Amino acid sequence: MPEHTEMINARDRDQLLESIFYGTDIAIFVVEVSPDGEFRYLELNQAHERISGLKSGEIRGKRQEDLFPDVPRKVIRQIRNHYEECLEKGSSIEYEEMIPIRGKNLWWLTRLTPLKNRVGKIYRIIGTSTHISRLKQTEEELLMHKEQLEQRVAKRTAELKESEQRCTRILDSMSDLVMICESGGRVEYANRAMKESLGKNITGDNCYSALFGFEKPCAWCRKDSRQMLNEEIRLPHNGRTYQWSSTPIELTHNHTSRLNVFRDLSDILSAKKKAEESDRLKTRFLATMSHELRTPLNAIMGFSALMKETRSQEEMLEYAGIIYQSGEKLLELIDNLFFLTSYESGRLEINPVSFSVAELLKEIERELKLVQEKVHDGRVRLLVDIPAEEEDTILFNDRTKLRQVLLQLVKNGFMFTREGHVKLALEREDPETLLFRVEDTGIGISPEKLEIIFEKFRQADESNTRIFDGTGIGLYIARSLIEMMGGKISVESVPGKGSVFTVQLPVQHNREGKDKEGEKTATVKENPTILVVDDEPDNAALLETLLRLEGALVEMAGNGKEAVQKVRNGRRFDMVLMDLKMPVMDGFEATRQIKEAFPDLPVIAQSAYV
């Protein structure tokens, strides 16, 4: 009974093994290990035949190179290496391999198991192969998708990095101070302007300590992180005023930071203050100018009315003198306004001529002698100091404008001096520089006012109760003219003792080698015939009267067209006095037509039009 059972079990086992060999979906093959060391195929199961397309009858007794003649030798060598490894180890091994069979690249997961005989020698190898071509294809596709995803991630990372760098460059190019802070106050980013302003990199520091020197978070850090803030603050590290804007930004999920921008308002506030001060000064200037214009105008009109009523020759002469002086003052104010307009519009030009400096100063002395006698009952003397060695000094510059400046400075000296002297002196600082000093023993100027007296519309005393008149543009005009002539003007003063104004001019030479001042010398014959062209009857009448007093024969024309006709009609004129702005034909066109017909006829422009 036991023996019979063993025979049944052996039969059953063989059937079981056969059913497994032929019935499983796993490819199974049997390789015989020949005594000569070759590996020859013995059997394939049906699953192997179905997958590989090979037949057991075709492979029996064949080696790898016989079975797969088209397979590269390298692949054959790898197969033999696996078999030899199984023999060497004497145990099962597992590996993946790709074998091209009949034009198809088939991937297998193969397990080799050695079979030993009774003496323990390996005589066969059983191979089980799972067809994994689809799995490998899927794996390759996954690998390809992985590579593509990695490339996309790398590209996106590079784009984000470039975007971050671009944002950083933009923020670093801003003049505003910019920093990004966590809700607790820790600085995550600070731009270049912020670092330069603070003199250090505050990234990682707390904003409340870095900016304000606080030990604990300030009220701003404790505010709702989603609240937008916009306040004007003063930063203690430089004392400047900033417009601070703080905006919540969500950099990552559930992480809200704040973008803080500090815009410097100090320059804007300073410019605003200057603009307001300029408006204030202009308003004061207009009020002052209104007073300064009305004062001489009232005197002219008032004393003109009195002259109609008086019969006394002495009183009439006195009134006429007052009217004349008021007219001069009024004309000076108007000239200053014209200068201001011309200078600021860029229409003012320097007209240099060669002239004697000593003669200019003597001329100023003669003109101001009358002023000296009338100011403060003669208690203020005018002194003019011209060194002997400078008597023949010739200067090439704008004589008229230099004379205007020196007259202004000397008149100012008389205005602010009650007793003592006003001195106009010529000095030579070096061979190439002349100094004109105007010294007075007047009230002086306080140190804090020295910087502003040369500014437009500014005066040392701007109060409503000031003692001395003035519009606040005289010294501005003086400085502007001297700078246009290539020089400098400065002042030194001691309150209560007086002031010294110094004009410094370079000694320029006339490179043309001729004196422009005397370039043309006109000779006027006795009792000349003069054509006066003016559309204003009062001006024309005044000119006619003045010229007739000098012995001239005068004819009148009311516009340019009439003047051209008179000249062309054959009447001989020795000179034409031409107004510029007139109806029908202006003075420019009339002069052009007259010069075309009579190029040698002198035409002199005379106009109140600037």
Side-chain angles (χ1 to χ4, degrees), residues 292 295-296 299 317-318 320-336 339 353 355-388 390-391 393 395 397-427 434-445 453 459-460 467-471 473-479 481-482 485 487 489-493 497-505 517:
E292 294 293 324
T295 299
L317 289 175
E318 182 183 355
I322 295 173
I323 292 172
Y324 184 79
Q325 289 177 9
S326 299
E328 279 192 325
K329 184 174 182 181
L330 190 60
L331 184 60
E332 182 181 351
L333 289 171
I334 294 171
D335 284 344
N336 284 344
F339 165 82
V353 295
F355 61 93
S356 166
V357 178
E359 284 301 321
L360 174 62
L361 268 57
K362 291 174 183 177
E363 179 183 317
I364 293 173
E365 181 181 19
R366 289 192 296 270
E367 183 172 341
L368 293 178
K369 278 295 183 181
L370 182 62
V371 175
Q372 172 189 342
E373 295 170 1
K374 291 187 176 182
V375 172
H376 307 306
D377 299 325
R379 295 197 304 270
V380 181
R381 293 176 298 122
L382 173 62
L383 305 177
V384 176
D385 182 12
I386 305 173
E390 302 296 343
E391 284 286 347
T393 298
L395 187 63
N397 215 314
D398 195 318
R399 185 184 192 278
T400 302
K401 292 183 175 59
L402 178 58
R403 179 180 180 277
Q404 179 182 345
V405 171
L406 296 179
L407 275 173
Q408 178 72 51
L409 294 177
V410 174
K411 286 181 179 180
N412 282 357
F414 276 111
M415 183 188 302
F416 294 104
T417 303
R418 292 187 177 278
E419 193 171 16
H421 68 265
V422 176
K423 181 179 180 181
L424 173 59
L426 174 64
E427 299 177 15
L434 284 180
L435 300 180
F436 299 86
R437 296 193 191 276
V438 178
E439 173 190 304
D440 66 62
T441 56
I443 62 173
I445 307 168
I453 60 172
Q459 293 174 287
I467 300 173
F468 304 99
D469 292 332
T471 59
I473 59 174
L475 289 178
Y476 171 74
I477 290 174
R479 184 188 67 177
L481 289 175
I482 292 301
M485 289 188 283
I489 185 169
S490 59
V491 61
E492 298 176 358
S493 186
K497 293 187 177 181
S499 306
V500 179
F501 286 83
T502 302
V503 173
Q504 178 182 345
L505 281 180
E517 202 172 19

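In this text the structure is predicted, and so the values were computed from the model without any measurement.
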Out of Leu409, Val410, Asn412, which one pairs with Phe501 under the side chain to side chain contact (heavy atoms under 4.5 Å, CB included) rule?
Leu409
Output all residues satisfying salt bridge (Lys or Arg N to Asp or Glu O under 4.0 Å) with Glu492, sequence neighbours left out; order by chain, then residue number.
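So Glu492 forms no salt bridge (Lys or Arg N to Asp or Glu O under 4.0 Å) with any residue.
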Checking Lys362 now: which residues fulfil salt bridge (Lys or Arg N to Asp or Glu O under 4.0 Å) with it, not counting sequence neighbours?
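Applying salt bridge (Lys or Arg N to Asp or Glu O under 4.0 Å) to Lys362 gives Glu391.
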Check [X] against [Y] and note the closest heavy-atom contact, atom names and distance.
X	Y	answer
Gly498	Ser493	O-OG, 3.2 Å
Phe436	Leu361	CE2-CD1, 3.9 Å
Gln504	Ile482	O-CG2, 4.4 Å
Ala358	Ile386	O-CD1, 3.7 Å

Roughly how far, to the nearest 0.5 Å, is [atom2] of [Y] from [atom1] of [X]?
X	Y	atom1	atom2	value
Glu419	Arg381	CD	CZ	10.5 Å
Leu424	Ile364	CG	CD1	6.0 Å
Asp398	Gln404	CG	CD	9.0 Å
Asp440	Met415	CG	CE	11.5 Å
Arg418	Thr441	CZ	OG1	12.0 Å
Phe416	Lys411	CZ	NZ	14.0 Å

Looking at side-chain heavy atoms only, is the closest gap between Leu402 and Asn397 below 4.5 Å?
no
Minimum side-chain heavy-atom gap Leu360-Arg399 below 4.5 Å
yes
Apply the test side chain to side chain contact (heavy atoms under 4.5 Å, CB included) to residues Leu407 and Glu367: give CA-CA distance (whole Å), side-chain angles for both, the deciding distance (0.1 Å), then the verdict.
CA-CA 9 Å; Leu407 275 173; Glu367 183 172 341; 3.9 Å; yes
Between His421 and Glu439, is a side chain to side chain contact (heavy atoms under 4.5 Å, CB included) present by the stated rule, with each step listed?
CA-CA 8 Å; His421 68 265; Glu439 173 190 304; 3.1 Å; yes
Asp385 vs Lys423, test: side chain to side chain contact (heavy atoms under 4.5 Å, CB included). Steps then yes/no.
CA-CA 7 Å; Asp385 182 12; Lys423 181 179 180 181; 3.8 Å; yes
